2 protein chains.
Amino acid sequence: MKKDTTYYGVKEIARRANVSIATVDRVIHNRTGVSEKTKRKINDIIKELDYQPNILASRLASRKIITLAVLIPRVSEETDFWEAPLRGIKRAESEIKKYGIEILHFFFDLNDKNSFEEQARKLLKEDVQGVLLSPSFIEESKEFVQACHTKKIPLAFIDSDLPGQDNLCYIGPHLFHSGYVSAKLLTYRLKENHKVLVVNISKEIDYNYQQIEKGFRSYFTDHNQPCEIVRIDIADTDNLSVTNALTRVLHEHEDLEAIFVTNSRVFAVASFLKKSKRTDISLIGFDFLKENINYLNEGLIDFLICHKPEEQGYRGLMALYQKLVLGAPVEKVHFMPIDIITRENQAFYQN
Amino acid sequence: MKKDTTYYGVKEIARRANVSIATVDRVIHNRTGVSEKTKRKINDIIKELDYQPNILASRLASRKIITLAVLIPRVSEETDFWEAPLRGIKRAESEIKKYGIEILHFFFDLNDKNSFEEQARKLLKEDVQGVLLSPSFIEESKEFVQACHTKKIPLAFIDSDLPGQDNLCYIGPHLFHSGYVSAKLLTYRLKENHKVLVVNISKEIDYNYQQIEKGFRSYFTDHNQPCEIVRIDIADTDNLSVTNALTRVLHEHEDLEAIFVTNSRVFAVASFLKKSKRTDISLIGFDFLKENINYLNEGLIDFLICHKPEEQGYRGLMALYQKLVLGAPVEKVHFMPIDIITRENQAFYQN
DNA sequence: CTGAAAGCGCTTACAG
DNA sequence: CTGAAAGCGCTTACAG
């Protein structure tokens with residue numbers, strides 16, 4: 001029931017080195033003001049004893065508080081996607097705040113690059129030691145990353161990556177393979193003519209969407225499955241624009257068997273199919289949004305591909321904590337699982 | 001950079017209640033020897049301040065070490081399923097051992113009820129405060145649970161449940177719905193005659209398997225999909241018995257389109273289908289075993305249903321930690337997600 | 001360059 | 001039934 005006494009701490013090191021524990025502390029943390037000689041002596045003893053600092057005691061004694069910042073999209077009416085990462089962030093927050101970690105939140109509008117820049121500016125005014133970022137706007141994010149870099153602030157990315165930036169880590173989907181899995185699932189619903197529509201509903205078509213589509217197409221070429229793939233881009237995300245664009249393309253291609261939506265806006269397409277009574281068309285898209293789940297349950301959406309958004313938020317923050325507080329190494333790239341959600345298993349999904 | 005002073009600890013509670021911190025400590029831990037009156041007063045202040053104990057300080061000051069025991073199947077040559085929960089257990093272990101938690105491991109042989117009883121006996125000799133159990137053998141487990149009960153040792157179950165026992169929690173699959181999802185997935189592969197084989201490879205056919213099969217059958221009745229379901233039980237798990245049984249049933253029912261294996265032994269069926277060149281038959285089963293993944297990649301298995309075994313181990317241990325160390329409430333039943341694994345997304349699965 | 005002392009927020013005997 | 005004091009393994013001013 002008692003803790004074994006074979007534990008050696010700073011006290012024992014100090015005793016063996018004939019110095020005070022303050023000096024031992026200085027050496028452990030590489031602080032200045034210790035003679036080379038005592039430093040060597042202490043380091044030798046540390047090695048000999050295989051000393052492991054007690055983080056509990058360390059955090060308890062240290063009155064420093066570590067400030068982390070989060071810069072992600074605001075939860076909007078359009079989509080509740082960002083509720084989940086925020087949930088994960090808050091979960092991490094409540095776990096680590098007792099260790100003297102403080103989290104600052106900055107939210108930007110996904111439809112407004114200016115709001116991103118504004119929030120980024122505000123963030124940089126604070127004295128933060130780490131940043132969790134969703135680099136939604138590529139160019140603006142790169143600039144922000146640069147600014148963090150000069151301030152030596154480590155960054156964790158979630159949801160989408162910015163290749164070639166010197167970030168601490170990326171936690172999010174493998175886009176190519178997500179598209180690949182989507183194609184595989186769609187083939188289950190293909191009957192005769194094998195004609196598929198890829199729909200891109202987004203203001204900008206960036207590297208991310210290209211990767212998804214590339215993965216999607218690769219599945220068919222890899223398997224020598226002939227499949228005619230029609231693609232449309234819908235730049236305006238409002239209902240009317242989507243309806244118009246889809247009406248047009250379905251008129252031109254009456255024999256479409258399935259639709260793949262490259263992001264979470266699959267609910268817009270589901271709504272259209274429902275209204276136009278084209279429930280014969282199979283539909284697949286991304287993300288565990290309430291609206292999407294409703295259409296999944298109605299049978300209008302066949303599959304949703306999800307990447308545990310809540311866990312992305314949680315893990316992102318914990319990666320910064322690991323690095324900054326525990327000084328532990330952090331995995332540079334962590335791909336989330338590619339989860340397949342159907343009407344039958346959705347109730348058990350844990351974001 | 002400094003900790004904000006808005007934190008209220010035992011000291012502040014003691015000050016407000018006009019008592020010593022020792023008395024506050026007694027109330028916090030429900031120890032005896034405090035008058036009802038001061039108890040009430042202190043509890044009121046605790047509530048008012050929304051006091052959250054500092055676990056770091058608590059564990060640091062307490063020289064008690066808490067011992068938990070794990071009683072699960074040994075990783076065997078037959079199946080590496082139990083590697084995953086063990087991994088999760090070790091992950092939890094390394095997270096909480098710095099808080100003075102010690103874990104004792106007891107492994108039994110899934111083919112040998114005696115080994116379970118023997119290990120259970122050994123476990124009960126130790127002074128443990130909590131047990132993580134996989135109640136694989138029903139009657140023997142019930143007896144063991146009873147013994148723990150008299151010793152007031154809380155139990156967390158993983159992988160399978162023992163209904164009607166007074167356990168702290170169950171963390172594992174929802175069997176009925178797992179069968180249901182399996183049926184749904186199989187329908188994607190059904191063509192004309194809609195004839196399916198359900199295979200049960202197990203020494204005993206207990207409540208668990210019945211639930212899975214019930215879920216499987218319910219899908220077809222719920223959707224008015226006529227489907228002829230043939231079922232066989234293979235009591236001996238060796239290769240020869242499986243081969244013989246399958247040969248016989250495939251001879252009798254040449255027009256089978258798909259096979260559903262109700263547990264992780266789907267690899268045995270895959271191996272048979274491969275040898276007998278019946279790759280036209282769709283196959284679905286459970287669990288992320290190396291052998292299963294190999295057959296998934298070869299295309300012999302179409303889907304695997306998985307329930308995050310690693311996380312079951314992790315969560316099981318953490319539930320005991322939550323209860324015993326933090327005194328926090330624990331969810332009585334936690335169903336794992338019903339994960340759908342295909343060849344295309346398996347590489348990203350995190351057990 | 002070094003050390004003595006106070007303190008982090010708790011728990012644990014011990015004394016009354 | 002209650003409190004004073006020591007201590008967990010560290011860190012942090014402060015003094016020299």
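Worth saying up front: this structure is predicted, and the values here are computed from it rather than measured. Heavy atoms only: backbone and side chains are in, while hydrogens, waters and symmetry mates are out. Here is the naming used below: chain letters follow the sequence lines, and residue numbers restart at 1 for every chain.
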Checklist line | Per B:R26 side chain, nearest of listed nucleotides D:dT2, C:dT2, D:dG9 | finding: D:dT2
Notebook entry, point to check: CG of B:L60 versus C1' of C:dT12: gap in Å, rounded?
Noted result: 13 Å
Item checked: Shortest side-chain distance from B:A61, nucleotide among D:dT12, C:dC10, C:dT2 -> C:dC10
Check: Roughly how many Å is it from NE2 in A:H29 to C1' in D:dT12, rounded to a whole number?
Finding: 11 Å
Note to self: Can you pull out every salt bridge (charged side-chain N to carboxylate O under 4.0 Å, His left out) where at least one residue sits in residues 34-46 of chain A? Sequence neighbours excluded, please.
What the structure shows: none
Margin query: For B:Y51 and B:Y8, I'd like to know if the aromatic rings sit close, meaning centre-to-centre distance below 6.0 Å.
Written below: no
Check: Which part of the nucleic acid, if any, lies within contact of A:G9, taking any heavy atom under 4.0 Å across all strands shown: a base, the sugar-phosphate backbone alone, or nothing?
Finding: sugar-phosphate
Next item on the list: May I have the distance from A:N18 (atom CG) to C:dA4 (atom P), rounded to whole angstrom?
Entry: 11 Å
Note to self: In whole Å, I'd like the distance from the CD1 atom of A:I21 to the C1' atom of D:dG9.
What the structure shows: 8 Å
Item checked: Of the listed nucleotides D:dG9, C:dT12, C:dT2, the one nearest the side chain of A:N54 -> D:dG9
Next item on the list: For this output row, return yes or no: ring centroids of A:F157 and A:Y170 closer than 6.0 angstrom.
Entry: no
Check: How long is the line joining CD of B:E12 and P of C:dC10, in whole Å?
Finding: 12 Å
Next item on the list: Tell me what B:T38 touches on the nucleic acid: a base, only sugar-phosphate, or nothing, going by heavy atoms under 4.0 Å.
Entry: sugar-phosphate
